Amino acid sequence: MPTTQQSHELPAQYDPGQTERAIYDRWVAAGIFSAEEKRSNRNGGDRQPFVIVMPPPNVTAVLHMGHGLNNTVQDVVIRWRRMRGDEALWIPGLDHAGIATQNIIEKQLAAEGTARAELGREAFVQRTADFVERTGGEILQQLKSIGASCDWSRTAYTLSPSLSQAVREAFVQLYERGLIYRGHRVIHWCPRCLTSLSDEEAQHSDESGSLYHITYALADASSVAGLTVATTRPETMLGDVALAVHPDDARYSGLVGKFVILPISNIEIPIIADEYVDPSFGTGVVKITPAHDPNDFEVGLRHKLPMPIVMTPEGAMANGADAGGRVPSHLVGMDRFEARKRIVRMLEESGQLLRVEPHQHAVRHCYRCDTVVEPRLSDQWFVRMQPLAKPALEAVRNGTIRILPERWEAVYINWLESIRDWNISRQLWWGHRVPVWYCDPCGKTYVSRTELSACASCGRAVRQDDDVLDTWFSSWLFPISTLGWPDKSSAGLAAFYPTDDLITAPEILFFWVARMIMGGYAFMDAPPFHTVYLHGTVRDTDHVKMSKSLGNGIDPLDVVNTYGADALRYTVIAGMGMGADLILDHRDLEKSFAPGRNFATKLWNIGRFLLTNVGAAPVRSIDELSDADLTLPDRWILGKLGTTISECDAALGPARPSNGEWRLEERYAGLRLSEYAESARRFVWNDIADWYLESTKGRIAEGGDDGEVARAVLTHVFDNALRLLHPIMPFITETLWQRLPSPLAAERAEFLAVAEWPTALPASAGTLEAMTLFDLVREGVTALRQVRSDYAIAPGKSIEAVIRSPRNEDLFRTHAPLIGRLARAAVRTGDADSAAGAAHVLLSDGSEMIVPLGGLVDLSRECGKLRSELEQLETQLQSLSKRLRNEGFTSRAPASVVEAERKKEEDWRRRREHLAEKVKALCGD
RNA sequence: GGGCGAGUAGCUCAGUUGGUUAGAGCGCCUGCCUUACACGCAGGAUGUCGGGGGUUCGAGUCCCUCCUCGCUCACCA
């Protein structure tokens, strides 16, 4: 019965802005997002830990839609596990993002007419830290506003003292194990950022350039006029120290050991033989520029060639180390691309430019500023990767770690198999300083956990390495450093390491994910997580990746403010298939987020119906109701609830491997969040709202015992629906759940966020039957509605209908009032003499018509089809069973085949039972 | 160039080991302000499942081939 309590009235319109903030604060105040070490069953507690470490957003800027997606996915998973009773821990964090952040501040300084050199290192770092403090704070607020249920007491920052200590410890340990070394070689150099880059940070993109064919004249008079080489980078020729040919190349065998004259520089360089040269490509002659090309560097090493550097760090031509006077004065100081043009012109004039042809090739660019990277000889620190990669490779191969979607596992394995050493030193100011000190006078090098000031052998002052570490050198420790490493006996590591899921975008699979796995094994002898879930990228309707700089971005806060966090979350989860990109229209937020907004409104209105019609008075517990109390719609919706719970559970999947390693049958199951969202949505909208709720209106209005049953069942199924939806739409579900007239109000959890996840009860035969029968009722209603629509019967006009059904006369007679209500018709059941179904509709003006009712009433045909299907299945099953009983088959066929056949048999049996059940319910035999 | 993936309704995508009539959301058409909801309700239309070939009683699903996109890696100057 409707309640008189005004406190339970809901406003007609859901206003997320008014409710979300307040609910979030209450959750935090209640401490439900905080995980405790002592509750973990690895640490004496009674709960299974479930841990997610957040990919720490870069502090360069506030969050964009990609972060919205990433953090929503993580929050859905962590809230699901929290409701399942796990000790759920989601560790939030921020990444100092070395090179990216430094770029931002440099741009600011440039706009102010100054530069970092003028500011000095200390002031620059301070200024950057101030910037980071502001942005970082804003990012954390944004995460809260989308509902992220992180344990904020553990918020980590890669440049914090404790994480910095972990970084230093990792460096020293690897150095002591011989896995970090100082190398002199050609690395990728960004002439704009003025730092070296790792292979991953120098990203290929295809460009159309030119291939210049240049003739080098022989130094001595010879039968051959000269040798022709092809290059895409003529400016580097000033650093040439040799021409190389393949040792077996008959064309040039007589020339090896002779000299050519390097054009422009006019110096003699030798012709050498090296297997590196591919005689079938081009002219089979390669110019060797050891200081500006990694391959040429290797050749240079083999042949003990000089390695002249002909460019400044900024990419201007110059006579650097070993260059002598190779670069003529009129080229010195000229930018590399300008010099390229100039040199080409000079060669043209001297007749040494044979020809120029267009050339498609991949050019590496700096991943932060997109400047063309220049290979450059320099001293850097490297991590020896092969030993680290070995266990990381094995982990994915043997199923200790799975990567979803599955196809990324091959990409991961492919990359690790051919991994090269990792350049970790950066010539930047923003980051962890390399923990190495040099004593210049006595030439000693110290790698140290603690700050050093004096040389241990001579006592004089030492200087620390100027470089900082690659920002990913701190990120790769994140799962361990946030839990207490290097203190291996910390409570955090004991309770929560290894963690469970790592949820991120594929872009950082190599940068971060693979290295974390290596780091986990290197420092903890254990994988950091068992599941890597790679979700798609947020793109606009033209499939262009959203970004602020392209102007096609969406600010998640705009969405939260306009439509609510739940609308954002639902839209994102529902629209994202496994590993598929999420397409949103930045020009039309209304259209993009309508699915979530509309569904939230639907939930709200169901809530309003409940609170006004069911009221606030306690309802009977579902357990108190006996089978006899329940009407057909009751049993139907309870059955639907059961299948929905099962569907949601199946879509979410196993949370962890059942036995340490993923078994094949569970390995790629679960985390199908869009399927989970769709199941829950269908239940709420298409089952509860469209049918069940409508069916209860009359009963509730009438009151009495049956009214009480309807109140109880409706409340029960909606309560469960809110539980299922809470991980996706935490705010609105919490708001509504708090006001539900639950039977267990006194005993239940204070918050839906920590309420129990629903359990699917096994469907009884009665439930199954109810579901089939109610489907018939629904079909009857649909058929009558169709009549109304097809014959354009005005909505106000009532019609009379007679439903004839040979088999289910009782069913339709019993539910005639309900069918009538839902179809706005006066319904009675007719004579059972006709096998063909029909609605005999009488219009109020006296005319009448007989309308066939499609598949519903033509039971003979329907049953015939079902029976023949059943028969066929029966035959197939018999032959299959016979085959399986045949020893000749079971002993000779491969075990896997036999097993597959057994499984098939089981499936078919189940299908047969299902079908038989249906035939029985429908056809009555 | 190596490796991988995708092509299903106008759009974005589901479709589990081959098996009833290929689904959903959005969009579209028609009629409705029906006492929770027009951010809604009811009804409706729409697919050579990229092309071709094959295996099978049966193919969107398996095999071959071609076409078109995408991802990822890469030292062919």
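Please read all numbers here as calculations on a predicted model, not as lab measurements. Below, read A as the first sequence line, B as the second, and so on, with proteins coming before strands; counting in each chain starts at 1.
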Residues that [X] engages under side chain to side chain donor-acceptor pair (under 3.5 Å), provided they are two or more places apart:
X	result
A:Glu417	A:Arg397
A:Glu647	A:Ser679, A:Arg682
A:Arg407	none
A:Lys591	none

Please report the distance separating the [atom1] of [N] from the corresponding atom of [M], rounded so that it comes out in whole Å.
N	M	atom1	result
B:U68	B:C75	C1'	31 Å
B:C4	B:G47	C1'	29 Å
B:C32	B:A38	C1'	10 Å
B:C67	B:G53	C1'	15 Å
B:A24	B:A14	C1'	7 Å
B:G15	B:C62	P	12 Å
B:G27	B:C39	P	11 Å
B:U61	B:G70	P	24 Å

Original post:
Is A:Glu702 salt-bridged to A:Arg699, going by a charged N under 4.0 Å from an acidic O?
Top reply: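 Answer for the salt bridge query: no.
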
Original post:
So, A:Glu406 and A:Arg667, do they make that salt bridge, N to O below 4.0 Å?
Top reply: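 The answer is no: the pair does not qualify as a salt bridge.
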
Original post:
Can you give one letter per nucleotide of nucleotides 27-46 of chain B, 5' to 3': B if a protein heavy atom sits under 4.0 Å from the base, S if only from the sugar-phosphate, - if neither?
Top reply: -------B-BB-BSSSSS--

Original post:
Along nucleotides 67-77 of chain B, 5' to 3', which nucleotides get a B, which get an S, and which get a -, given that the test is a protein heavy-atom distance under 4.0 Å?
Top reply: ----SSSBBBB

Original post:
Does a side chain donor of either A:His303 or A:Glu298 reach within less than 3.5 Å of an acceptor in the other side chain?
Top reply: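 Result is no, nothing qualifies.
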
Shorter than 3.5 Å, N or O on both sides, protein versus nucleotides 6-16 of chain B: list them out with atom names.
| residue | atom | partner | partner atom | Å |
| --- | --- | --- | --- | --- |
| B:U12 | OP1 | A:His543 | NE2 | 3.3 |

**OP:** Kindly write out the residues that satisfy side chain to side chain contact (heavy atoms under 4.5 Å, CB included) with A:Lys697, not counting sequence neighbours, or none if the list is empty.
**Re:**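 Applying side chain to side chain contact (heavy atoms under 4.5 Å, CB included) to A:Lys697 gives A:Phe609, A:Leu693, A:Glu694, A:Arg821.
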
**OP:** State, to 0.1 Å, how close A:Val684 and A:Phe599 come at their nearest heavy-atom pair, and which atoms those are.
**Re:**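 The answer is CG1-CE1, 3.8 Å.
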
Original post:
Any idea which heavy atoms bring A:Asn686 and A:Trp691 closest together, and the distance?
Top reply: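 For A:Asn686 and A:Trp691, the tightest heavy-atom pair comes out as O-CD1, 3.1 Å.
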
Residue list, salt bridge (charged side-chain N to carboxylate O under 4.0 Å, His left out) with [X], at least two apart or on another chain:
X	result
A:Asp421	none
A:Arg515	A:Glu200
A:Arg608	none

Subject >> Gap separating the CG atom of A:Leu305 from the OG1 atom of A:Thr289, nearest 0.5 angstrom >> reply: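 Between atom CG of A:Leu305 and atom OG1 of A:Thr289 there are 11.0 Å.
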
Original post:
So what is the 5' to 3' dot-bracket string for RNA chain B, if pairs are Watson-Crick or G-U wobble with both distances under 3.5 Å, crossing pairs use [ ] and | means the partner sits on another strand?
Top reply: (((((((..((((.....[...)))).(((((.......))))).....(((((..]....))))))))))))....

**OP:** Map A:Arg682 and A:Ala410 onto RNA chain B by nearest heavy atom, then report which one ends up closer to the 5' terminus.
**Re:**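 In this pair, the answer is A:Ala410.
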
Original post:
CG of A:Leu534 versus C1' of B:G5: gap in Å, rounded?
Top reply: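 After rounding, the gap between these two atoms is 14 Å.
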
